[in-house]
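A quick write-up on the structure given underneath.
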Amino acid sequence: MRRLTEGRNLTTASPGTTAAIAISLLLIDCLPRPALADAAILSEVTVTSQRRSRSTLQEAGNIALLSRALLTAVSHQHTHELMTRVPGAWVSRGSGQEHLTAIRSPVLTGAGSCGSFLVLEDSIPVRPPGFCNVNQLFELNTEMARQIEVIRGPGNALYGSNALHGIINVLMPVAGDPTATSAGIEVGANSFTRARLQLVMDERPATFSFVYADDSGFRADSGYRQAKMHGKSRWSISDGTVDVALSATSLRQETAGFILGQDAYENPNLNRSNANPEAFRDADSVRLYSIVAIDRGEANIDIRPYLRYSDMRFLQHFLPGKPLEENGHISGGVLSKITFDRPHHTWMAGIDIEWSDAFLKQTQIGSTEGSAFLQETRPEGKHYDYDVEAFSVAPWIQATFQASDRLTIDAGMRLEHLHYDYRNNMLSGNTRDDGSICGFGGCLYSRPESREDSFNNAAPKLSANLRVSDQLSFYGAVSRGFRAPQATELYRLQNAQRTADLDSERLDNVELGLRGGSERMLTDVAIFAMRKRGSVLRDSEGFNVSQGRSHHAGIETSIDWRLGARATLNIDLSYARHEYDFNLVASRGETFNDGNDIDTAPRLLASAEIVFDASATSALALQWTMIDSYFLDAENRFTYPGHELLNLRVNWQASRRLLVTARLNNVLDEEYADRADYAFGNYRYFPGRGREFFLELRYSQ
């Protein structure tokens with residue numbers, strides 16, 4: 001394990017960084033000439049971009065596909081294990097099923113982190129635009145998905161608020177798919193057990209999937225029990241079909257908190273301990289939706305009505321005072337799209353409408369430990385109690401023009417109006433809940449008067465795809481993403497705030513890319529530059545900073561390389577700079593300097609996996625993952641050195657019906673941190689899991 005010291009200058013590339021850039025440029029230069037391409041791979045389709053099938057070679061923008069075959073082989077327990085296979089993406093694992101996401105971005109935390117990524121289930125947003133959850137991927141049944149698609153950077157006109165840094169679309173099984181009925185059982189380290197079931201019914205096309213996992217946790221007083229289900233049925237109607245789906249998830253987690261002290265993750269007396277045995281997270285979600293598809297020849301209609309519910313309680317062990325947060329929402333809406341196909345152009349237009357009713361409560365039981373300032377400004381009792389009713393409407397239009405046999409141009413525009421009706425159920429201001437005044441200038445927690453707020457946004461996108469041959473295409477795109485302020489940023493204020501003077505966060509993106517291949521190699525490369533304005537950040541003392549600015553630039557590469565008849569090498573890597581673009585001395589926190597690296601933004605992310613087909617019925621995969629060093633604070637004084645891990649997997653088709661999967665994670669038993677930061681005057685870490693073995697038996701009809 002390499003080491004960094006405080007204040008290390010990261011502007012000089014490390015040997016690993018230099019090597020990665022050199023490899024990336026070499027592979028671009030050596031892209032095979034378009035001949036003898038593997039059509040089965042190059043004809044993969046997507047539905048995220050336009051809610052319909054489209055060849056990846058026609059896509060005028062980046063997209064990463066995690067196929068059903070990959071999901072089955074990897075048999076992941078946490079989305080972190082999947083996202084290592086997406087260049088430019090990092091899902092930082094927290095305790096249990098918790099996580100923080102980075103897609104063409106730093107790992108975003110605190111205020112401003114919510115809503116920077118649009119998470120979809122069958123192309124329907126999982127959450128309302130103003131009520132995000134940074135851990136929302138655990139509300140999706142990714143274990144039983146048929147495909148997961150990831151777009152890096154802003155989406156197109158079909159997707160609005162929250163499609164800022166990226167989109168993750170989890171596509172669930174389709175009723176009538178030829179997938180077999182199957183059942184599986186898995187056991188492993190730390191008393192981990194998981195059962196999964198998938199039923200496929202042919203009489204009335206329907207599918208049902210269920211997953212239950214129980215993990216005792218690798219740290220003291222930690223672990224989780226989680227259940228997920230998804231069911232879908234299809235009916236035929238005149239000129240089309242109607243799919244009706246129901247998803248539900250439940251999580252009961254005993255959470256392990258941070259361990260404190262520089263390099264504490266290397267200390268065997270600390271990295272399996274838990275200083276917060278009282279911490280927990282209980283979360284439930286239900287989603288009911290329908291997909292109505294009508295084919296009228298030149299006109300195709302797609303309508304997706306939905307209802308959603310969520311409820312969550314968790315202890316904020318990461319804050320002084322450890323307040324309890326309770327939040328939830330009921331929401332519903334409809335996505336509509338009509339498509340007109342013409343010989344040389346396609347027009348799509350639609351309108352998305354949504355209503356939601358959400359609540360949030362925060363209560364601290366017991367006094368705060370620490371300095372007199374912390375004890376006085378973070379009082380015992382209720383901090384927040386409010387309801388927010390929201391309504392949004394978004395008309396949009398998207399057009400595709402076939403300028404020539406090889407050149408396709410896409411242009412789109414989305415207009416979105418979001419209205420909040422906020423109701424404060426407590427005393428306004430930054431007093432205690434009984435109206436008494438805190439010392440040191442007032443309590444940290446400030447509650448605005450009930451009010452209404454509205455936000456209007458426009459998101460244009462222009463892109464082009466030049467298909468040089470059946471196996472090679474180039475693309476370019478200019479786009480804007482936006483994120484309306486979240487309810488927590490507007491109404492869960494802090495000491496110096498009486499009202500939140502916030503506007504929508506905007507991100508402008510320019511990217512160029514190519515994808516293509518030959519009989520032995522497939523390559524996908526994207527170069528991007530982005531500028532973001534109006535960000536809400538959190539400094540190392542837990543204070544919100546508004547109107548932040550940043551810029552982001554880098555290169556992302558994905559290579560699938562057939563080394564021979566039995567071996568394939570898959571490489572995913574990115575090199576990017578994420579920097580502050582403003583100067584500010586926070587009133588009670590740290591200093592933000594133009595040009596500094598944003599905290600928790602490793603420049604290099606890389607993974608390589610070699611898959612060897614040992615026989616017609618067995619395969620062995622060895623994966624290497626690497627996270628570069630990164631700063632832990634805005635002033636770039638403190639660092640985490642990064643880490644490298646090896647994971648081993650064996651898949652054996654023991655019989656026509658029985659699949660055996662064995663996984664050995666962290667083969668070398670490295671000591672590392674899944675997440676590191678510096679806050680409240682101390683290094684803080686979520687230690688990574690040690691060497692772990694898992695075995696799954698899956699039976700299919």
Side-chain angles (χ1 to χ4, degrees), residues 108-118 125 127-134 136 160-164 310 312 316 319 323 325-331 354-363 382-394 416-431 433 442-457 481-507 532-539 542-549 586-587 589:
L108 301 173
T109 62
S113 61
C114 268
S116 293
F117 311 97
L118 183 60
R127 287 247 165 180
F131 306 101
C132 61
N133 171 20
V134 293
Q136 63 187 311
S161 192
N162 299 11
L164 194 68
S310 75
M312 182 161 59
Q316 299 179 76
L319 295 179
E325 179 176 326
E326 303 170 85
N327 68 66
H329 81 276
I330 297 174
S331 61
E354 182 169 293
W355 165 89
S356 58
D357 190 0
F359 74 91
L360 183 142
K361 299 178 182 179
Q362 180 174 305
T363 308
K382 186 179 289 188
H383 299 157
Y384 304 102
D385 183 354
Y386 64 76
D387 301 298
V388 182
E389 191 170 341
F391 174 78
S392 66
V393 58
E416 187 166 303
H417 171 78
L418 176 61
H419 179 80
Y420 292 126
D421 183 359
Y422 156 75
R423 299 177 298 280
N424 179 26
N425 301 320
M426 291 182 62
L427 292 172
S428 300
N430 65 328
T431 66
D433 57 5
C443 305
L444 171 67
Y445 309 109
S446 183
R447 301 168 292 273
E449 298 278 358
S450 298
R451 69 171 196 264
E452 298 184 20
D453 294 283
S454 294
F455 301 92
N456 299 302
N457 288 285
F482 64 88
R483 183 189 74 100
Q486 303 294 291
T488 53
E489 298 163 9
L490 291 168
Y491 311 125
R492 185 158 65 175
L493 302 184
Q494 293 184 344
N495 178 288
Q497 298 174 299
R498 295 296 178 266
T499 60
D501 183 20
L502 298 177
D503 199 356
S504 296
E505 190 174 8
R506 293 178 175 85
L507 184 147
K532 188 163 69 169
R533 298 292 180 267
S535 302
V536 179
L537 308 170
R538 175 175 287 177
D539 69 15
F543 292 99
N544 292 346
V545 175
S546 301
Q547 302 304 320
R549 301 186 302 274
S587 59

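The minimum heavy-atom distance between Phe131 and Ser356, with the atom names listed, is CE1-OG, 3.3 Å. Asn430 and Gly442 make their closest contact through ND2-CA, 3.4 Å (heavy atoms, listed as atom of the first residue, atom of the second, distance). Residues Pro485 and Leu502 share a closest heavy-atom pair of CG-CB, 4.0 Å. Looking at every heavy atom in both residues, Pro129 comes nearest to Gln486 through O-NE2, 2.8 Å. Listed here is the closest heavy atom pair of Leu490 and Leu493: O-CD2, 3.2 Å. In terms of heavy atoms, Arg447 sits closest to Leu427 at NE-O, 2.6 Å.
The OG atom of Ser450 lies 7.5 Å from the CG atom of Asn425; values are rounded to the nearest 0.5 Å. Atom CG of Asp385 and atom CG of Leu360 lie 8.5 Å apart (nearest 0.5 Å). Between atom NZ of residue Lys382 and atom NZ of residue Lys361 there is a gap of 6.0 Å, rounded to the nearest 0.5 Å. Going from atom CG of Leu319 over to atom CD of Gln362 covers 7.0 Å, rounded to the nearest 0.5 Å. Once rounded to the nearest 0.5 Å, the distance linking OH of Tyr384 with CZ of Arg492 reads 6.5 Å. Rounded to the nearest 0.5 angstrom, Leu118 CG and Arg127 CZ are separated by 13.0 Å.
Counting heavy atoms from C-beta on, the side chains of Ser428 and Pro448 never come closer than 4.5 Å. Proximity of Glu389 to Arg423: side-chain heavy atoms (C-beta onward) are separated by under 4.5 Å at one or more points. Two residues are said to be in side-chain contact when any heavy atoms from C-beta on lie closer than 4.5 Å; Phe455 and Phe482 fail this criterion. No side-chain heavy atom of Leu444 sits less than 4.5 Å from a side-chain heavy atom of His383. Within the 4.5 Å cutoff, no side-chain heavy atoms of Glu354 are placed close to those of Leu418.
Classification of the Tyr386-Tyr422 ring pair by plane angle, with boundaries at 30° and 60°, yields perpendicular.
Salt bridge annotation for Glu505-Arg483: present, with a cationic side-chain nitrogen under 4.0 angstrom from a carboxylate oxygen.
Just one of Ser392, Ser331, Ser310 meets the side-chain contact (heavy atoms from CB on, under 4.5 Å) condition when paired with Pro128; it is Ser331.
No donor-acceptor contact under 3.5 angstrom links the side chains of Tyr445 and Asp433, judged on distance only.
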